[in-house]
Structures are given as C-alpha cells and as structure tokens.
Amino acid sequence: TIALQHGAHRIGNRTDADMARWRSLRFGQFIHWGVYAIAGGEWNGKVYNGAAEWIRSWKEMPHEEYDKLYRQFNPVNFNPQQWASQAKDMGAKYMIITTKHHDGFCLWPSKYSKYNIAASPWKKDLLGPMIDAYNKAGIDVYLYFSIIDWNHPDYRPSLKNAADSAAGKRFQVFVKNQLAELLQRYPTIKGFWFDGTWDASWKNDGAFTDELEQYLQSIHPGLVMGSRLRADEKGARHFDSNGRLMGDYEQGWERKLPEKIEDVHGNDWEAVMTVPENQWGYHAKWMGHVKSANEILEMLVKSVSLNGNFVLNFGPKADGTFRKEEQDLMTNIGAWMKVNGDAIYNGTYAGFEKQDWGYYIRKTGTDSVYMVVFNMPVSGNLRVKMPARTYLTGVSMLQNNVPLTPELIGREEYFLRLPNKQSDVPVVILLKTSTKEGNKEGGNFEKA
Ligand SMILES: Cc1ccc([C@@H]2N[C@@H](C)[C@@H](O)[C@H]2O)cc1
C-alpha cells in the first residue's frame, strides 16, 4: 500500500449508532429546489434538453438573465408541513434538501453570501421550517451542499497562478464558514450530501478536504457524510490511492444501481435516482421515460437487497407545489410501503442465491428473510434455495400472514406457490429461518 496522510482513515464501515440509524432508514426523499425552478428548463420559448438545475450553463441562457431570477423567487404555496406529510405517507425516513446548488443561491439567509433567500421577495429562511416540519414527522434531514459555486467571485475550477491560489484559499474559508453556519443554524440535521467536488481546484487539495471533514465531525460529532467530499493527496476521489473508501458510505451511485453484492465491496452505499431520465430540478417538460411506482419500488428493493439506501428525487415548482406525477408517485409508493415497509426498513443483504422472481432481504440481525416477488413465473413455482446450514421453519404472506406450504424439491430447496398468481404490485413472502437443523432431511418441513 501507498503511504497516505489524507486517504481513508478507517477500514470497514462505521459501527456507531448514528451510522446504524442511517443504515436502518433505507428509503430517502431527495429535494432539488432553487431559482432554476422558475425557468423550469425553458427560456425565451426554447426548451433546454439538459438537467433543469444546470440551465445557467446553457448557451441560450445569458448568465446575467439567470442571475436576476432570484428577484422572482416567491414560493407562496410552500407548505413545509404538507411536504413532510406527503414524504411520510410515501414511507421516506430521511430527506436530503439542496441548501445551495451549483448556482450558489442559498435557501437560507447566509451571512457569507448575499445571493440568498433574504434577497428574494420571499425573504424568509426556507430551510428552518422545512427541517422542523420533517423532523416533527419523524423524518431525518440531510443537507445537500454544492462545493462548486458559480456565483462566488473566488470560485475557480482550477488554480493556474498565484492569483487563483489566493482566490482558492479565500473560497475554502467561505465553504468552511457556510458549513459551520448551517450546522449552527440547524443542529438537528444528521449529515451533509456533498456534490460538485470534481473540479481540480477541489480534488487537488486532498489535505483540505480531509481537514474539513474532520472539522465538521469535531463541531457536530456523528455527522454522516458520503464519499463525494474527499480526495486524497494524489487527487483520488471516493476510493483513495489504496482503493479504500473515503467518507462514511459510497456515494457514487447516481442514476444507476449495483447489480450484485460484489459490486459494493462490503461498503455502506446509497443510490440517488430521478423520476424522469435526468432531471433533478423542476423541468416543465419531462422528456424520455418517466418511471412508474413499480419501477421505483424495484430499485428500492434491489438497493436494500444489496445492503444500500435508495433516495428518490423530487423537483418542486417555483411556487412551492409538487407536480401531479410526483404527488401520484408518493401516494402509490406509499400505499405499498404501508403494507410492506417491514421488508425495507432495517433491511440488509440476505445471503441467499438470487432467483429470477425477485429479491431477498434479511431484517438485520434476525432470522426473518423477505422475498419480494416482481417476476411471477408462468409455472407458478417460486424457487427457494436455502444457503448452507440455514433451514426453513416458516413461510407466510407478509400482508395477511396467510401461511404457505413449500414443496421440498431437493436438499434444502423448495418451490413456493402463491395463493393468487395475479398481482399488479410486488408481493412479499416472509421466510422464517433457523441455523439449527430441524430434522434428519434437513429443514423443518415434511416431504411433500
Ligand atoms: C455531470 C453531472 C454533474 C452534476 C450533477 C448533479 N448531481 C445530482 C445529484 C444533481 O444535483 C445534479 O445537478 C449531475 C451530473
């Protein structure tokens, strides 16, 4: 291994209570909200095909035009209690809010940048009421913070000369001040979700990123921060130059999921996902495929089955309301979570051989293993192959406790048949298992 001062400082996952809480939540709501929602992906009658929150970088959008949008930001229909209530109904256990996206507009009245909510017609802090409402609904809040800040005069993508380096130093102080300000104003938040850390000016100062992470932990012990913040002294990101994960969980899964357990290397991880193909902020005209509730549920279940968290993104409108497609998704996902949430919360990798019908999830630290069925076989036979030295002691439908009688088809191998082959939502079966052999044939079920 290479001697590193600013690489990973820990081998393996965090084992403290704050991280165990993050791990138990499994399902989060991402919210991208800012002045880009005013443009909504359009300008002067033209539609921007990129991500709506990036419209300032569009050649058709003059920077000075974009930089005046905040004068129209007045979310008169913003209702944080309603936001929190619909997130709770969806079954989200944590929420990540953009405090400041790459454009630098702060949703809180920051002392360190004038480009903030106090300068808008709305004037008032948006983060405080949001955090309070979500916490009251029993939902933890994490703060998205973009290091890239297109508005700040000292931001440099790279440091080419002494003047750049001086600006870069001032910018690092600005970042540290804003993060300390957010922790001081919002002490109940559980962590930061950093973004915009790919520029050379950031990743070439691994020492600063390391010191910043340690500084934040020192003033708010227990913070959960993913792998996007750090770089090591050789500019390696997410994984240091020895291949060890920096930060508390792998944070690279953006609009994509791992396929198999080997892909996550035993690390905690989280995937963040858009409803349309690639829009985080509000875009008036979603293009391409818009994911259904069942597609989202499969991504959530697949993430949990591979020991990860799944966060679904929403882009509220400039007036503070959510578009109908997003409201309907929250309702439909929530209806399934209400009945089947037991299979998600505290879910972990079960260690069973993957089968075509769907995914296994183990309730952490228990003998309960859930089967979440997405692909009903024409045969009607759901194959279950028990792992070595693991025996089946009970099978029932999660939603109504109706027991199922498995058919033993081989050594510790069964077919399960559902009472009803038809379902337009995923079906969950609860397996009770034991590591003590029940009887000679193995397993506790009589031969069929
Ligand atoms: C190339 C690229 C840069 C930044 C992003 C940002 N990360 C997401 C979480 C959104 O904030 C998006 O604007 C996405 C793609």
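Whatever order the structure lists ligands and atoms in, that order sets their numbers, starting from 1.
Listed by chain and number, the residues in a salt bridge (charged side-chain N to carboxylate O under 4.0 Å, His left out) with K354 amount to none (sequence neighbours excluded).
Near D195, with a cut-off below 4.0 Å to any heavy atom, the atoms of ligand 1 are 6 (C), 7 (N), 8 (C), 9 (C), 10 (C), 11 (O). Of all atoms in ligand 1, numbered sequentially from 1 with element shown, those under 4.0 Å from a heavy atom of Y144 are 11 (O).
Shortest contact from atom 4 (C) of ligand 1 to any protein heavy atom: W198 CH2, 3.4 Å. Of the protein's non-hydrogen atoms, E53 OE2, 2.7 Å is the one closest to atom 13 (O) of ligand 1. For atom 2 (C) of ligand 1, the nearest non-hydrogen atom of the protein is W54 CZ2, 4.4 Å.
Salt bridge D328/K324: present, at least one basic N to carboxylate O contact under 4.0 Å.
By heavy-atom distance, the residue among R255, E254, H32, H102 lying nearest atom 11 (O) of ligand 1 is H32.
For F322 and W83, the distance between ring centers is under 6.0 angstrom.
Figure legend: K46 and W43 shown without cation-pi pairing, the cationic atom not lying both under 6.0 angstrom from the six-membered ring centre and within 45 degrees of its axis. Both cation-pi conditions hold for R323 and W286: the charged atom is under 6.0 angstrom from the six-membered ring centre and inside a 45 degree cone around its axis. A cation-pi arrangement is present between K93 and Y345 under the rule of less than 6.0 angstrom and at most 45 degrees off the ring axis.
Within a 4.0 Å radius of atom 9 (C) of ligand 1, the protein contributes at least one heavy atom.
Side chains of W202 and F194 form no contact here, defined as non-hydrogen atoms less than 4.5 Å apart.
Close N/O approach between R228 and ligand 1 is not found [any backbone or side-chain N/O within under 3.5 Å]. Polar contact with ligand 1: present for H101 (N/O pair, distance under 3.5 Å).
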